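Nothing here was measured: the structure is a model prediction, and the numbers come from that model. Excluded from the calculations below are hydrogen atoms, water molecules and symmetry mates; all remaining heavy atoms, backbone and side chain alike, are included.
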Amino acid sequence: MSSRPTKQDLRNMITDAGVENVLLFDIDGDLIESSDFEYDGNYAAMSGMIATMCKEIIQDLEYGDMDKITIHADHGLVVVNKFSKDYYLASFSKDGSKLGLIMKTMDSIINK
């Protein structure tokens, strides 16, 4: 994995994948960077809690390391992608059909 995503990378994610919001946070849910949307710190904290819980489930089940979390809702999609040992990139979209594009775009940012 390369250097941490920049604010421009987050803006590019919005343009390239058509998501509404993107944020980078650590395992504790502390906001590192965001696309400057309302309550981004709260979403980082909640996403951090989700990532921690999922990581613990995966470890308890001995499934290896957690890589991605997808949350599908009636009117949207949240994708959390592990960036490094303790950092995560999250995207929020109202269009669930963009899952493949979102994952591809996130992977390109993470692996640049």
Separation between CD1 (Ile69) and NZ (Lys55), nearest 0.5 Å, reads 11.0 Å

Compare all side-chain heavy atoms of Val78 with those of Thr70 and state whether any distance is below 4.5 angstrom. no

Quick test of your reading of the model: are Lys68 and Asp107 salt-bridged, counting only N-O distances below 4.0 Å? yes

Indicate yes or no: at least one non-hydrogen side-chain atom of Leu10 is less than 4.5 angstrom from one of Glu33. yes

Do the non-hydrogen side-chain atoms of Met66 and Ile57 ever get within less than 4.5 Å of each other? no

Could you measure the distance from the NZ atom of Lys104 to the CG atom of Asp16? Nearest 0.5 Å is fine. 10.0 Å

Sorted by chain and residue number, the side chain to side chain donor-acceptor pair (under 3.5 Å) partners of Thr15 (sequence neighbours excluded) come out as none

Separation between OG (Ser47) and CG (Leu31), nearest 0.5 Å, reads 10.0 Å

Do the non-hydrogen side-chain atoms of Met106 and Val79 ever get within less than 4.5 Å of each other? yes

Is Glu20 reaching over with its side chain to a backbone N or O of Lys94, donor-acceptor style, under 3.5 angstrom? yes

Quick check: is Ile50 connected to Val19 through a chain of hydrophobic side chains (ILVMFWY, heavy atoms under 4.5 Å apart)? no

Any side-chain donor-acceptor pair under 3.5 Å between Asp40 and Asn21? no

Smallest separation among heavy atoms of Ala90 and Val80, with atom names: CB-CG2, 4.1 Å

Would you check if Ile14 and Val22 make a side-chain contact, meaning some heavy-atom pair closer than 4.5 Å? yes

Test item: side-chain donor near acceptor, Asp95 and Ser93, under 3.5 Å: no

Taken to the nearest 0.5 Å, the spacing of Met13 CE from Leu23 CG works out to 10.5 Å

With a 6.0 Å cut-off (strictly less than), is the heavy-atom count around NE2 of His75, excluding the residue itself, greater than 12? no

Where the side chain of Asp9 meets the backbone of Thr6, is there a donor-acceptor pair that is under 3.5 Å apart? yes

Closest heavy-atom pair and its distance - Thr52, Ile27: OG1-O, 3.3 Å

Let me confirm one number: the OG1-CG distance from Thr105 to Asn12, rounded to the nearest 0.5 Å. 10.0 Å

Considering non-hydrogen atoms only, spot the tightest contact between Lys82 and Ile110 and give its length. O-CD1, 3.6 Å

Do the side chains of Ile71 and Ile58 join up, straight or via other hydrophobic residues, at under 4.5 Å, putting them in one cluster? yes

Check for me, please, whether Met46 and Tyr88 land in the same ILVMFWY cluster - side-chain distances under 4.5 Å, paths through other members count. yes

Distance in Å, Ser35 OG paired with Arg11 CZ, rounded so as to fall on 0.5 Å steps: 9.5 Å

With sequence neighbours excluded, tell me which residues meet ring-ring contact (aromatic ring centres under 6.0 Å, His included) with Tyr87. none

Taking the side chain as every heavy atom from C-beta outward, state whether Phe25 and Asp30 have any atom pair closer than 4.5 Å. no

Centroid separation under 6.0 Å, is that true for the rings of Phe92 and Phe37? yes

